Amino acid sequence: METHGSLPANKEAGAKANHDCNVSLSDDSSHRVLLHVRDKHVVMDNGILQVTISKPEGTVSEVRYNGISNLLETRNDEGNRGYWDLVWSLAGSTGTTGFDDRIKGTSFNIIVENEEQAEISFTRIYDSSQEGKMVPLNIDIRFIMLRNCSGFYSYGIYEHLREWPAFNFPQTRIVFKLKKDKFHYMAVADNRQRYMPLPDDRSPRRGKPLAFPEAVLLVNPVEPEFKGEVDDKYQYSCENKDLQVHGWICSEPPIGFWQITPSNEFRTGGLLKQNLTSHVGPITLAMFLSAHYGGEDLVTKLGPEEPWKKVFGPVFFYLNCLPSGADPLKLWEDAKQQMAAEVQSWPYNFPASEDFQPMDSRGFISGRLLVRDRFINEEPVPARGAYVGLAPPGEVGTWQTEGKGYQFWTKTDSGGYFSISNVRTGDYNLNAWVPGLIGDYKYNPVINITPGCQVDVANIVYEPMRDGPTLWEIGFPDRTALKFYVPDPDPKYINKLYVNHPDKYRQYGLWERYAELYPEHDLVYTIGVSDHKKDWFFAQVNRKVDESTYKGTTWQIKFKLEDVNPQGTYMLRLALATANNAQLEVRVNEREASPALFSTGVIGKDNAIARHGIHGLYRLFSVQVPANLLIPGENTIFLSQTMATGPLQGVMYDYIRLEGPPPPLPPSKKN
């Protein structure tokens, strides 16, 4: 949706937007920060807003702002309005679910209290007598309010001691539930914002559940304009790299409630990890750790004898307002400017915990990434627009499932140069991936970041996997399936936001369109004739036989070879953008060959097909194709997805390439 106008940028983190609105101020014109400590609550008050938090639990029950006594949903119990929560399970458990734990502190402490700032702490200490019933973590939840700041901050410090039991940790987040009769307009990005249905519309009386509980067809909504639409919170997910500000707007009076995340360093899985944002409720989330779009591979698992501590946040909850009758969409423009100010101010200089490292305790790294693909360029060339990042030491590519430590990412410039500032102290691997090239790069030496250090790795060269010249390729490597054919949705299952939208893959039920487009025979793609943008369906999914039966699919790639080198080995590169309980088998020129030339085995719990993602976790497979399987003339590669117990199993491809045998080395290089 188009937004109108803009507002002046704030110069400092937390600075109040200069809107001439009726913000409820205290009598003290200096707006100093005050703490009002009561028997069961503590109120943080800076004259712009007042935030009431239960004591010692640490749940937010009231946010008073701009003449509204509470922006949070008062129909909910006080403990169900604003809170931190987590999901955990016993060591050895599988899956991404477990015990839901709405974190409630048992001790309250004032950490900082002066005219400029208040910081308060709500802690819960692990009780070993509750082993198996209580997550083995010490948890310290902090809230911060600053002078002249139109919002408040929150961060959490989680600690697991060496002697405590092992456990699994799929998720932790902050949740705010706003007044449903006030906040109706939601914004996640410039082109992803709209008026939203009410939570009542998802009730059995007004909505029809679809293939999974999160997706509901609105059949009798309170507002008739939403009739026939699908509502699903996963339609508003976002990659971490783009997930910096989102929230809700109240039209009268014009008020915005925004969640701003100034850094990705504490989130799981790097820049491409997808997380929930805001959704019908109205609810806004700050996601720190989740298994969404990756499944169990993204579950943090703390082992026996493994000490661990991590700081999640701080994140900022920003409030802004306009005079009555003003265009409420200007609040989104202002929220983006405030987000930029918060990013510029990171790392903050005001959190009091010694576990949050300030700028002077952090380090810096720089260098230049070059790439050399010997079948494209003999000499290394700059890696333009590559993603370069520091992550805890691990195997190549494991950064995308890493959640215990911190990650720091950037992009290279046109010359391949990069720099990353404000890196927390510790040991890291330098990782990279380059759009247009397959695979992952890892700089082998472990990099130790110390306070104030300036590490320069100079020129580093990535040589992507390559055995021989490209005979043909489908798509181009960017770790998504967006370049392939994404169909229009069934008109019965639309979200109006994504009609004629570049993110049309976020529509519900697109997996069902495959069988409609290929009712009798599976997809056949002919190299040199077919167009991947039109002829390669974005997901290889199962075919529905009847209400309870599904059949796996076999796609064909047809290609011609002028001749075949009988002494050589050909290489098929299969880059997958996602997999969900799938098994991909490869056969060459014999559809029923047993065994298959190659099988991935059962892979993936990403669930990106159901959750309207265009990618999940990246996987790269290299399949050797013996020359005796190929013939001069027309050949066929069969790609069979054989797991067929439901509609949401399958894979999305990123890129496919067939390489010829490597040419013989010239005499000068044989030695």
Side-chain angles (χ1 to χ4, degrees), residues 10-72 74 78-79 81-84 104-123 140-157 174 176 178-179 253 255-260 286 313-321 338 341-342 345 348-353 356:
N10 300 305
K11 302 301 182 184
E12 299 176 0
K16 176 183 176 295
N18 185 24
H19 305 157
D20 185 22
C21 54
N22 184 32
V23 174
S24 177
L25 303 177
S26 64
D27 294 334
D28 189 338
S29 60
S30 67
H31 300 177
R32 68 180 187 271
V33 180
L34 299 173
L35 280 180
H36 307 288
V37 181
R38 299 165 182 162
D39 287 343
K40 295 185 178 181
H41 298 88
V42 57
V43 180
M44 307 180 81
D45 182 356
N46 66 359
I48 299 170
L49 73 156
Q50 298 82 41
V51 179
T52 301
I53 307 171
S54 65
K55 179 171 73 73
E57 295 84 3
T59 58
V60 180
S61 60
E62 182 179 296
V63 177
R64 181 185 295 264
Y65 177 72
N66 194 33
I68 298 179
S69 60
N70 196 353
L71 303 182
L72 306 184
T74 54
E78 285 195 0
R81 300 175 187 175
Y83 53 86
W84 284 70
K104 294 183 179 180
T106 56
S107 178
F108 163 74
N109 289 284
I110 298 173
I111 307 300
V112 177
E113 184 181 19
N114 57 49
E115 292 187 352
E116 301 298 322
Q117 174 179 344
E119 180 168 339
I120 55 179
S121 164
F122 303 86
T123 56
D140 184 354
I141 302 301
R142 303 283 183 99
F143 291 91
I144 300 172
M145 183 172 282
L146 304 179
R147 190 172 189 164
N148 296 325
C149 171
S150 189
F152 59 97
Y153 298 83
S154 188
Y155 67 108
I157 307 160
I174 305 175
F176 276 96
L178 308 180
K179 279 186 177 292
I255 291 174
F257 186 102
W258 308 102
Q259 195 277 302
I260 294 176
V315 296
F316 185 40
F317 294 93
Y318 176 57
L319 309 182
N320 56 2
C321 59
Q338 186 63 46
E342 301 295 325
S345 299
Y348 296 136
N349 60 9
F350 49 80
S353 172
F356 181 80

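What you see is a predicted model; the values in this text were computed from it and never measured.
- Note: Tyr348 and Phe350 have parallel aromatic rings, judged against thresholds of 30 and 60 degrees for the angle between ring planes.
- Going from atom OH of Tyr65 over to atom CG of Leu49 covers 8.0 Å, rounded to the nearest 0.5 Å.
- Heavy-atom minimum distance, Pro314 versus Phe356: CD-CE1, 3.5 Å.
- Under the ring pair (Phe, Tyr, Trp, His ring centres under 6.0 Å) criterion, Tyr155 pairs with no residue, sequence neighbours left out.
- Nearest approach of Ile157 to Ser353, heavy atoms of both residues: CD1-OG, 3.2 Å.
- Listed for the Ser121 side chain is no donor-acceptor partner under 3.5 Å among the backbone atoms of Arg142.
- Using a 3.5 Å distance cut-off with no hydrogens or angles, the side chains of His41 and Glu78 do pair a donor with an acceptor.
- Taking the six-membered ring where tryptophan is involved, the planes of Phe122 and Phe143 are perpendicular, since the angle between them exceeds 60° and thus also 30°.
- Contact annotation: the side chain of His31 approaches that of Asn148 to within less than 4.5 Å [non-hydrogen atoms, C-beta and beyond].
- Defined by atom type and a distance below 3.5 Å, a donor-acceptor pair is present between the side-chain atoms of Ser54 and Thr59.
- Counting only heavy atoms from C-beta outward, the side chains of Glu116 and Leu146 never approach each other to under 4.5 Å.
- Note that CE of Met145 and CG of Asn46 are 4.5 Å apart. Values are rounded to the nearest 0.5 Å.
- The CD1 atom of Ile144 lies 11.0 Å from the CZ atom of Phe316; values are rounded to the nearest 0.5 Å.
- Within the model, atoms CG of Leu71 and CD1 of Ile255 stand 5.5 Å from one another, a figure rounded to the nearest 0.5 Å.
- Looking only at side-chain heavy atoms (C-beta outward), Pro253 and Ile68 come within less than 4.5 Å of each other.
- Of all non-hydrogen atoms in Leu72 and Ser61, the two that sit nearest each other are CD1-C, 4.0 Å.
- Between Glu62 atom CD and Thr74 atom OG1 the span is 9.5 Å, to the nearest 0.5 Å.
- Between Tyr153 and Glu119, the side chains place no donor N or O within less than 3.5 Å of an acceptor N or O (distance only, hydrogens not considered).
- For the pair Ile260 and Val315, the minimum side-chain heavy-atom distance is 4.5 Å or more.
- For Arg81, the salt bridge (Lys or Arg N to Asp or Glu O under 4.0 Å) criterion is met by no residue, not counting sequence neighbours.
- One distance of note links NZ of Lys55 with CZ of Arg38; it measures 11.0 Å at 0.5 Å rounding.
- Looking only at distances, a side-chain donor or acceptor of Asn320 sits under 3.5 Å from a matching main-chain atom of Gly256.
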List, one per line, each side-chain donor-acceptor pair under 3.5 Å for residues 105-113, sequence neighbours excluded.
unit_1: Thr106; atom_1: OG1; unit_2: Thr123; atom_2: O; d: 3.4
unit_1: Ser107; atom_1: OG; unit_2: Asn109; atom_2: ND2; d: 3.4

request  = Output, in order, the C-alpha distance, side-chain angles, deciding distance and verdict of side-chain contact (heavy atoms from CB on, under 4.5 Å) for Ile141 and Ser154.
outcome  = CA-CA 7 Å; Ile141 302 301; Ser154 188; 4.3 Å; yes
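- Not one N or O on the side chain of Asn70 forms a donor-acceptor pair closer than 3.5 Å with the backbone of Arg64.
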